[in-house]
Amino acid sequence: MKSRKLVIAGNWKMYKTVGEAVALSRLLKRDLAEVKAADLIVCPTFTALKTVSDEIANSNLRLGAQNMHWEKEGAFTGEISAAMLRDVFCQFVIIGHSERRQFFGETDDSVNRKTKAALAAQLKPIVCVGETLAQRDGGQVEAVVTAQVKNGLAGLTAEQALDSILAYEPVWAIGTGRNATPEQAQEVHSLIRCTLAEMFDAATAAKVRIQYGGSVKPANAASLMAQPDIDGALVGGASLDAKSFVEIVQNGLGA
Ligand code: PGA
């Protein structure tokens, strides 16, 4: 038994209208109502946040957003602040997803600013890190992931680190159907925990939850979450369907 509580999140990305998001939330609420041993988070698009928030109020599902801006407010067309997310009862926010890094120019520096701004607003950041295939093939996994963790969490206190969740998402495994093997993932999760111990202290590192993400499916959920340093999953594609997300949670808990 791990001392850390599993945390399983569905990242719905740019999918689902408000009506579709509510329909999915309703099924998850019904089918996951008994789950107490894991924290369950859904991350709809911005437009669906408020309605999904109302739908899952008083349930065991928690609300997360997929991105935010680091400034409190201002002339930043198209952006959303931490306070706006709090206003619709978001408790979590994904920061620095590889799609944000790849397609929208996010860097470790923006990840760090956003992480700090989220924490300052009492939002728990889910900070994403992970190497590309070229970096893995080039033997750079350790250097890349360590730098992302150190730079992304730079300047945080140990207490703030405890309020954060990390997600290891190898870019080559996202949406490709090719997941990291449990052993490959465990190796990097353990590396991340060592990095946290270096940055903060061993006790803090032992408590921070680290999710795995990248083609998590019902069939691989158990073996991934059975690994000693894997504390849950950040699920993309398979979270868009109630049945497969429910099975991922059940199989993860059975691990
Ligand atoms: P995937 O996405 O499960 O579709 O691979 C994971 C993610 O991007 O968080």
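As the structure lists them, so they are numbered: ligands from 1, and atoms in each ligand from 1. What you see below is based on every heavy atom in this structure, not just the backbone, and it leaves out hydrogens, waters and symmetry mates.
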Within the side chain of S239, is there an N or O that forms a donor-acceptor pair under 3.5 Å with the backbone of G10?
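Such a contact is absent between S239 side chain and G10 backbone.
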Any salt bridge (Lys or Arg N to Asp or Glu O under 4.0 Å) involving residues 80-92? Give me the pairs, sequence neighbours left out, ordered by first then second residue.
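Sorted pair list comes back empty.
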Could you tell me, atom by atom, which parts of ligand 1 come under 4.0 Å of a heavy atom of [X]?
| X | answer |
| --- | --- |
| H97 | 7 (C), 8 (O), 9 (O) |
| G237 | 1 (P), 3 (O), 4 (O) |
| K13 | 2 (O), 7 (C), 8 (O) |
| A173 | 5 (O) |
| G175 | 1 (P), 4 (O), 5 (O) |

Side chain to side chain donor-acceptor pair (under 3.5 Å) with D231: which of R193, H189, K5?
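Per the side chain to side chain donor-acceptor pair (under 3.5 Å) rule, the option paired with D231 is R193, out of R193, H189, K5.
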If you have a sec, work out which protein heavy atom is nearest atom 3 (O) of ligand 1 and how many Å separate them, to one decimal?
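Closest protein heavy atom to atom 3 (O) of ligand 1: G236 N, 2.9 Å.
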Measure the distance from atom 9 (O) of ligand 1 to every protein heavy atom, then report the residue, atom name and distance (to 0.1 Å) of the closest one.
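Looking only at protein heavy atoms, the one closest to atom 9 (O) of ligand 1 is E169 OE2, 2.7 Å.
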Of S215, G213, G10, which has the heavy atom at the shortest distance from atom 1 (P) of ligand 1?
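Nearest heavy atom to atom 1 (P) of ligand 1 lies in S215.
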Quiz: residues 74-85 side-chain donor-acceptor pairs under 3.5 angstrom, not counting sequence neighbours:
residue : atom : partner : partner atom : Å
S81     : OG   : A83     : N            : 3.4
S81     : OG   : M84     : N            : 3.1

Tell me whether K217 reaches ligand 1 (any heavy atom closer than 4.0 angstrom to a ligand atom).
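No; K217 lies far enough from ligand 1 that no heavy-atom distance drops under 4.0 Å.
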Identify the residue among R62, K124, R209, R4 that makes a salt bridge (charged side-chain N to carboxylate O under 4.0 Å, His left out) with D39.
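Checked R62, K124, R209, R4 against D39; only one passes salt bridge (charged side-chain N to carboxylate O under 4.0 Å, His left out): R209.
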Mode of N11 contact toward ligand 1 - side chain, backbone, both, neither (heavy atoms, under 4.0 Å)
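N11 to ligand 1: side-chain contact only, backbone stays beyond 4.0 Å.
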Flag if over 12 foreign heavy atoms under 6.0 Å of CD, Q140
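Atom CD in Q140 is packed in, count exceeds 12.
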Rounded distance [0.5 Å steps], CZ in F200 versus OG1 in T157:
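So the gap between those two atoms works out to 7.5 Å.
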